[in-house]
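See below for the structure under consideration.
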Amino acid sequence: MKSMGKKVAVIRREHFNAAHRLYKKGWTDEQNASTFGKCSLPNYHGHNYELEVKVTGAIDEETGFVMDLKLLSDLVSMHVLEELDHKNLNMDVEAFRDLNPTAENIAVVIHDLLRPHIESSLDLFIRLYETPRNYVEYPA
Ligand code: NI
């Protein structure tokens with residue numbers, strides 16, 4: 001049973017490492033370098049990504065939970081970290097075969113990996129830090 005009106009957010013923080021290279025196929029190395037800077041260097045490089053998965057919804061009257069954070073943690077491990085952690089995003093992850101692995105696109109991919117596993121009455125938000133100072137949010 002859901003109580004009416006009290007919308008609360010629960011948030012799980014996770015961490016993963018991954019390598020990537022930002023580039024647009026068909027552009028020269030110079031065009032890519034001027035757009036993507038060091039993130040376009042041909043031999044890839046890594047980032048320490050910090051991930052926040054936020055779920056919002058009504059508090060369940062029986063449990064007092066919006067969502068069991070242990071379950072959320074398990075879902076993130078299974079569907080996101082297994083897929084991305086210690087991977088070369090360009091080479092190892094199907095979702096980035098034809099998609100530039102920018103923080104923006106990674107956040108959307110993470111959202112779409114998790115969405116089918118979260119109750120449809122709950123809203124899902126992703127915040128992804130590529131560096132301590134640069135982060136993206138989806139949906140905005
Ligand atoms: Ni980079």
Side-chain angles (χ1 to χ4, degrees):
M1 251 236 281
K2 305 285 183 182
S3 67
M4 301 305 290
K6 283 183 185 144
K7 214 174 179 190
V8 176
V10 299
I11 297 144
R12 176 71 189 176
R13 281 193 97 139
E14 293 287 353
H15 173 82
F16 64 93
N17 308 104
H20 76 169
R21 180 193 179 200
L22 300 184
Y23 71 104
K24 195 165 156 58
K25 283 176 191 163
W27 282 7
T28 64
D29 283 352
E30 290 70 25
Q31 284 176 302
N32 275 302
S34 72
T35 302
F36 300 116
K38 285 184 173 176
C39 271
S40 193
L41 288 171
N43 290 337
Y44 305 95
H45 61 277
H47 289 281
N48 295 311
Y49 291 96
E50 289 289 337
L51 170 64
E52 290 178 11
V53 176
K54 177 163 97 171
V55 174
T56 66
I59 298 174
D60 184 292
E61 281 176 359
E62 279 174 54
T63 62
F65 290 160
V66 171
M67 178 177 180
D68 181 349
L69 276 167
K70 173 69 169 86
L71 172 61
L72 183 58
S73 162
D74 289 345
L75 291 172
V76 174
S77 294
M78 201 181 319
H79 299 290
V80 177
L81 304 184
E82 278 289 317
E83 182 74 7
L84 304 182
D85 189 34
H86 283 67
K87 299 289 179 66
N88 178 314
L89 299 178
N90 302 77
M91 298 174 76
D92 301 336
V93 180
E94 181 63 34
F96 299 109
R97 193 168 298 275
D98 294 305
L99 184 67
N100 211 9
T102 59
E104 291 88 330
N105 282 330
I106 298 167
V108 172
V109 165
I110 290 171
H111 178 278
D112 293 351
L113 287 169
L114 281 173
R115 185 64 267 189
H117 305 286
I118 310 252
E119 242 183 84
S120 60
S121 63
L122 301 173
D123 292 323
L124 174 65
F125 300 91
I126 303 301
R127 176 184 279 183
L128 181 69
Y129 290 80
E130 192 167 73
T131 73
R133 292 170 187 273
N134 292 344
Y135 65 94
V136 302
E137 293 180 328
Y138 177 75

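Basis for what follows: all heavy atoms, side chains included, without hydrogens, waters or symmetry-related copies. Atoms within each ligand, like the ligands themselves, are counted from 1 in listed order.
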The test is side chain to side chain donor-acceptor pair (under 3.5 Å); show your working for Y49 and E130 and say whether it passes.
CA-CA 5 Å; Y49 291 96; E130 192 167 73; 3.2 Å; yes
Donor-acceptor check, side chain of R13 to backbone of E52, threshold 3.5 angstrom: yes or no?
no
Pull up every protein N/O/S atom sitting under 2.8 Å from the Ni ion (ligand 1), skipping waters.
H20 NE2, C39 SG, H45 NE2, H47 NE2
Under 6.0 Å from the CD atom of E82, do we count more than 12 heavy atoms belonging to anything else shown?
no
Flag the pair H15 / N48 as yes when at least one side-chain heavy-atom distance between them is below 4.5 Å, and no otherwise.
yes
Which of T56, L124, D60, I118 passes side-chain contact (heavy atoms from CB on, under 4.5 Å) with M67? Answer is I118
Decide if atom CE of M91 counts as having more than 12 heavy atoms of other residues, nucleotides or ligands within a radius under 6.0 Å.
no
